[in-house]
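Presented below is the structure to which this report refers.
Here is the naming used below: chain letters follow the sequence lines, and residue numbers restart at 1 for every chain.
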Number of protein chains: 2
Amino acid sequence: MKVKLEEIAKKSGYSVATVSRVLTGKSKGRSQSVRNILLTARDLGYRTSSVRYTNLDLPVDIALITQHDAEEFYSCLYESFDRIASKKNIHLSIHSAKYSKSITEQIHILSKYNDGVILMAPTLDKEGYKNIIAKIGSFPIISIAPVDGNIVPTITFDSYEGGRLAAEILVDSDYQNFGIITGPLEKLEANLRRNGFQDYLRKKGYKINWEYQGNYSFSSGEIAFENIKKHKKSSLGIFSSNDQMALGFLHTALENGATVPGDFGIIGYDNMPYSKVFYPKLSTINTNLDLLAKNTLEYIIREIKIPQKSITNPTTTLLPVELIKRRTHK
Amino acid sequence: MKVKLEEIAKKSGYSVATVSRVLTGKSKGRSQSVRNILLTARDLGYRTSSVRYTNLDLPVDIALITQHDAEEFYSCLYESFDRIASKKNIHLSIHSAKYSKSITEQIHILSKYNDGVILMAPTLDKEGYKNIIAKIGSFPIISIAPVDGNIVPTITFDSYEGGRLAAEILVDSDYQNFGIITGPLEKLEANLRRNGFQDYLRKKGYKINWEYQGNYSFSSGEIAFENIKKHKKSSLGIFSSNDQMALGFLHTALENGATVPGDFGIIGYDNMPYSKVFYPKLSTINTNLDLLAKNTLEYIIREIKIPQKSITNPTTTLLPVELIKRRTHK
DNA sequence: AAAGTTTATAAAAATAATTTGCATTCTTTT
DNA sequence: AAAAGAATGCAAATTATTTTTATAAACTTT
């Protein structure tokens with residue numbers, strides 16, 4: 001049941017004393033035997049922090065924690081992380097905190113079995129992040145969702161700029177009236193996207209004439225269309241906080257005889273695979289998930305290899321987003 | 001660094017001896033203290049098999065291993081498992097074996113940190129499964145992809161019946177010619193769906209007039225349409241091995257001026273959320289993922305609580321599928 | 001090829017886990 | 001509600017496991 005050094009010694013072909021020395025970090029670590037022993041220990045399920053032997057390029061365990069939902073977005077996110085991780089000798093595991101009684105406890109336990117944690121928890125507030133840091137101390141962690149209050153190091157997309165880009169193209173397309181289908185506003189990034197959109201419009205002398213708060217699902221895009229029927233303004237430039245809602249809206253609008261990009265200009269967000277399949281193809285804000293995965297994994301590997309005493313000044317890195325022009329704006 | 005019984009004792013408020021007795025399974029396990037101690041040990045990252053205390057309903061760690069891809073299917077699968085697991089005090093972690101050098105090794109290591117493993121590896125062959133069993137022995141495992149040769153206990157959808165249902169509705173819709181967009185035929189379930197389709201047609205005196213092997217992506221559905229252009233037969237009843245390819249085909253066909261369900265009848269597979277969003281709404285084979293998650297998790301929990309000496313007669317349980325009639329067949 | 005390093009080993013020492021015997025507490029039965 | 005029986009808790013003793021040490025062997029470098 002429990003793994004003894006004796007077992008590791010036997011399997012690896014070294015003496016118990018040597019195994020002990022390697023496992024307690026007494027070896028200088030430039031020989032093949034150190035590598036063999038650490039790999040054998042790992043294989044037998046003997047958990048050890050191999051931080052001391054960073055030069056050996058041993059496999060690293062990293063946990064990605066999300067609030068999982070049945071959206072293609074998550075599949076795409078995981079696919080990028082999985083692919084990039086596989087190139088870096090990283091063993092990635094995915095955990096959902098959606099139904100977690102205590103995300104702090106969950107991260108705490110995961111920190112026992114992983115070398116670092118990547119956190120995507122858009123609904124977590126300042127207090128939540130503070131609790132996590134208080135619990136795990138200087139354990140390597142990074143957030144890939146915007147964090148209110150700058151408590152955890154963060155790498156995320158420039159949601160504000162995404163909203164601004166959407167407003168810009170809709171203004172340039174000569175729409176005079178504007179609408180927005182926001183994401184759930186308890187998620188910070190939904191607010192940022194909205195703010196970027198609104199601020200640009202205001203600067204150009206326009207305002208948001210219609211707003212609907214959705215939940216990122218197809219059906220909330222459909223419901224958004226039902227809602228807009230009451231609204232009399234014609235030729236509305238609409239920014240949707242994700243592609244699913246944009247497509248739900250778009251296709252309900254078409255079924256109801258509306259024209260796109262005539263009656264409605266629509267800009268989505270995320271550039272999911274299906275947004276370029278269905279006619280008319282959706283104009284949208286692209287986020288480069290590979291870039292996110294690469295930056296995040298490289299950051300966390302650095303943190304693991306050169307551990308910090310404590311998180312002093314958590315930085316926020318904003319990754320660029322870009323507009324993909326397709327067929328749903330003039 | 002390493003957790004000592006002393007720490008567990010201190011944190012839980014019991015003596016080291018008591019902690020030891022609990023951890024070695026000497027306690028009968030009907031008191032609150034056993035529970036407290038095990039929970040504290042878990043919290044501190046002390047790994048122990050708590051199989052002996054099955055009556056205490058302690059949290060169980062289960063790993064779901066897939067060959068992950070950027071398809072909504074995986075998001076839906078994980079969402080079902082995540083939701084059902086949360087109701088059963090199961091901590092689910094998701095791992096991808098897509099880029100794994102040795103899936104046997106990966107499962108072996110995961111078996112050290114989990115109480116059971118759920119495996120979805122459609123491309124794994126008989127030998128692969130044999131190797132896994134040889135390595136992990138009687139460790140609780142279940143496959144949710146069809147397994148060739150009946151080596152690992154399996155709970156999966158009745159893919160053959162799904163193909164048959166697709167053929168039946170297309171024949172009933174009075175199509176005289178038939179086509180199929182298969183999945184990658186190294187995946188067993190793609191073959192089963194194909195066989196179910198083919199066998200029913202044959203029984204009714206028809207045959208597959210056109211066949212294209214896709215890779216489950218939207219774009220392979222688009223390419224399938226390019227391929228069929230050469231084919232002169234009109235009014236073709238087509239079965240696609242998943243919704244993505246069906247939608248890729250369907251929308252390329254419509255863009256090219258074809259009519260559905262006139263020129264083409266199309267039946268998809270999986271009943272993904274987007275298949276009921278886009279017009280015309282896709283007829284498809286529904287698989288109840290909640291049912292899969294429920295059955296699988298309950299099976300693996302049983303295996304964990306009542307361990308078997310060895311896998312003697314691995315059973316295969318086929319879950320029913322159903323046809324969802326929408327707008328893409330006559 | 002010799003000197004300087006590093007690594008491996010067996011035995012000794014240190015640390016950690018388990019068992020024991022008895023006291024205490026909890027459960028069940030009458 | 002009390003007594004018998006069973007389970008659990010504790011400190012000390014025992015056993016198991018890990019780490020260190022002293023020395024030998026094997027590499028590396030000049």
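- Between the P atom of dT18(C) and the CD atom of Glu6(B) lies a distance of 14 Å, rounded to the nearest Å.
- When each of dA12(D), dA17(C), dT19(D) is scored by its nearest atom to the side-chain atoms of Lys4(B), the top-ranked nucleotide is dA17(C).
- One atom, CD1 of Ile37(A), and another, P of dT7(C), lie 11 Å apart when rounded to the nearest Å.
- Val19(B) comes within 4.0 angstrom of no nucleic acid atom, judged by non-hydrogen atoms across all strands.
- Between Ser20(A) and dT19(D), a side-chain N or O to OP1/OP2 separation shorter than 4.0 Å is present.
- In this structure, Leu23(B) places its CG atom 15 Å from C1' of dT19(C), rounding to the nearest Å.
- Residue Thr24(A) places none of its side-chain N or O atoms closer than 4.0 Å to OP1 or OP2 of dT19(D).
- In this structure, the nucleotide among dT17(D), dA10(C), dC10(D) sitting nearest to the side chain of Ser15(B) is dC10(D).
- When the nucleotides dT18(C), dG9(D), dT9(C) are ranked by their closest atom to the side chain of Tyr14(B), dG9(D) comes out on top.
- The minimum heavy-atom distance linking Phe157(B) with Leu292(B) is given by the pair CZ-CB, 3.7 Å.
- Atom pair Leu5(A):CG and dT15(C):P shows a separation of 16 Å (rounding to whole Å applied).
- As rounded to whole Å, 19 Å separates atom P of dA7(D) from atom CG of Asn36(B).
- Atom CZ of Arg35(A) and atom P of dT7(C) are 15 Å apart (whole Å).
- One N or O donor and one acceptor, one from the side chain of Arg21(A) and one from the base of dT9(C), sit under 3.5 Å apart.
- Checked for salt-bridge contact, Glu7(A) and Lys11(A) miss the test: no charged N lies under 4.0 Å from a carboxylate O.
- The shortest heavy-atom contact between Leu77(A) and Thr66(A) is CD2-CG2, 4.4 Å.
- You'll find the ring centres of Phe81(A) and His68(B) outside the 6.0 Å limit.
- Ion pairing of Glu6(B) with Lys10(B) is absent here, as no side-chain N (NZ or NE/NH1/NH2) approaches a carboxylate O to less than 4.0 Å.
- Distances shorter than 4.0 Å separate some side-chain N or O of Ser33(A) from OP1 or OP2 on dA8(C).
- Distances from the side chain of Ala17(B) to the nucleotides dT9(C), dT18(C), dT19(C) place dT19(C) closest.
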